[in-house]
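Okay, so here's the structure we're looking at.
This is a predicted model, so every value here is computed, not measured. Letters A, B, ... mirror the listed sequences (proteins, then strands); counts begin at 1.
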Protein chains: 2
Amino acid sequence: MAKDTAQGAHRFRRTRRDHATEITHDYVEMIAKIEAMHGECRGSDLARQFAVSHVTVTKTVARLKKDGWVQTVPYGPLTLTAKGKRLAKTVRARHETVLAFLKAIGVSEETAEADTEGIEHHVSPETLRCFRRFLKQNKLSN
Amino acid sequence: MAKDTAQGAHRFRRTRRDHATEITHDYVEMIAKIEAMHGECRGSDLARQFAVSHVTVTKTVARLKKDGWVQTVPYGPLTLTAKGKRLAKTVRARHETVLAFLKAIGVSEETAEADTEGIEHHVSPETLRCFRRFLKQNKLSN
DNA sequence: GTACAAATTTAACCGAGGCTAAGTTAATGG
DNA sequence: CCATTAACTTAGCCTCGGTTAAATTTGTAC
Ligand SMILES: [Mn+2]
Ligand SMILES: [Mn+2]
Ligand SMILES: [Mn+2]
Ligand SMILES: [Mn+2]
């Protein structure tokens, strides 16, 4: 019994789980970034940055709010909750590490930025440690 | 004008495009693998390997068929088209390279296998070349 | 040849993440 | 103060990738 799934099946489950949290991670990261740059973040900023419609942003933000990552005031700016700020910090750190790593092995700036946007969500803590170790060994820690 | 999208927006578009082709890639890769191991591939094999229901497989296979990657006979095995076989080959090669690369920088077998399943879909040709170059330089080409 | 088990298909549903169109609110210039 | 514009919301639609339940086909054991 327990042979209804193959032994490698958990890897695909992992990938599906990564994708379920991906949008949340990108949003809190972006909100923090825009807040840092412009003082406040509006829905229209996110729509422009992600190249989606403002309606998509409205719906996604409603989910983020329900899940406790952001707070909103009607017709006002978006703000991260304490929990949202903590998540943004770890997500940003991971993003930076992946980006620095790709550049360290010779990937061009622009390609590295683009690939990182997808890769970051599938890098496990162990792999992230390996990336950091590589950067350290090559004296390119940031 | 043309300032309705930010300069970094194309990266998120890229990631969304990667995700749109991801299932197709995983399916053709898996079908080729199962064919190679057991002579033929059935829908139930895919359901077991991906840990999804057989209904999900039926629906996904219908799309793959519509797009010309696989052929089916009612209540019979799945087969790849010529186009499907070619895609499977390139997808498998990319998977192998990503996996070998992660192991080369010190990621454990199991973690490398899991991370690769997601990362492979976001690795651009340029980054793949960097991975291969790294493996070559470290005499670990496969 | 019949009964049963496994595989497959079909129908009906869900949530996430996209979209357009239309209505509402807020800010601002004259 | 009012008209315009920008931002935001609401309503309704789509596809994809999941689900369960029920019907059908196929292969096989007896
Ligand atoms: Mn991202
Ligand atoms: Mn992905
Ligand atoms: Mn994969
Ligand atoms: Mn793969």
Check: Does a side-chain N or O from B:Thr56 land closer than 4.0 Å to OP1 or OP2 of D:dT19, or not?
Finding: yes
Next item on the list: Could you tell me whether the side chain of B:Arg11 reaches within less than 4.5 Å of the side chain of A:Thr116, counting heavy atoms only?
Entry: no
Item checked: Rounded interatomic separation in angstrom, taking OH from A:Tyr27 and P from C:dG17 -> 9 Å
Notebook entry, point to check: Taking atom types as modelled and ignoring hydrogens, do the side chains of A:Thr111 and B:Glu126 form a donor-acceptor contact shorter than 3.5 angstrom?
Noted result: yes
Checklist line | Whole-Å gap separating C1' (C:dG15) and NZ (B:Lys59) | finding: 12 Å
Check: Taking only N and O in the side chain of B:Ser44, is any of them less than 4.0 Å away from OP1 or OP2 of C:dT8?
Finding: yes
Notebook entry, point to check: Looking just at side-chain N and O atoms, do B:Thr21 and B:Thr24 make a donor-acceptor pair shorter than 3.5 Å?
Noted result: no
Item checked: Nearest-Å distance for atom pair CD1/C1', residues B:Ile23 and D:dT15 -> 13 Å
Next item on the list: Is it possible for you to say whether A:Ile34 and A:Leu87 belong to one hydrophobic cluster, with membership spreading through side-chain heavy-atom contacts below 4.5 Å?
Entry: yes
Item checked: Length of the CG-C1' vector between B:Leu46 and D:dG17, whole Å -> 15 Å
Next item on the list: Could you tell me whether a side-chain N or O of B:Thr81 sits under 3.5 Å from a main-chain N or O of B:Trp69, the two making a donor and an acceptor?
Entry: yes
Item checked: Residue closer to the 5' end of DNA chain C, A:Glu22 versus A:Val55 (nearest nucleotide) -> A:Glu22
Check: Quick one: is B:Arg63 getting a side-chain N or O under 4.0 Å of the D:dG17 phosphate, OP1 or OP2?
Finding: yes
Next item on the list: Nearest whole angstrom, please: distance from the C1' of D:dC8 to the CG of A:Asp45.
Entry: 13 Å
Check: Nearest nucleotide by nearest heavy atom, which residue falls closer to the 5' end of DNA chain D, B:Lys66 or B:Pro74?
Finding: B:Lys66
Check: Within this structure, what is the CZ-to-P distance between B:Arg13 and C:dG18, rounded to whole angstrom?
Finding: 11 Å
Notebook entry, point to check: Taking only N and O in the side chain of B:Arg42, is any of them less than 4.0 Å away from OP1 or OP2 of C:dT8?
Noted result: yes
Note to self: Can you measure A:Arg17 atom CZ to C:dA16 atom P for me and round it to whole angstrom units?
What the structure shows: 17 Å
Next item on the list: Could you check how far NE2 of A:His54 sits from C1' of D:dT5, rounded to whole Å?
Entry: 14 Å
Check: Between A:Tyr75 and A:Ser53, who's closer to the 5' end of DNA chain C by nearest nucleotide?
Finding: A:Ser53
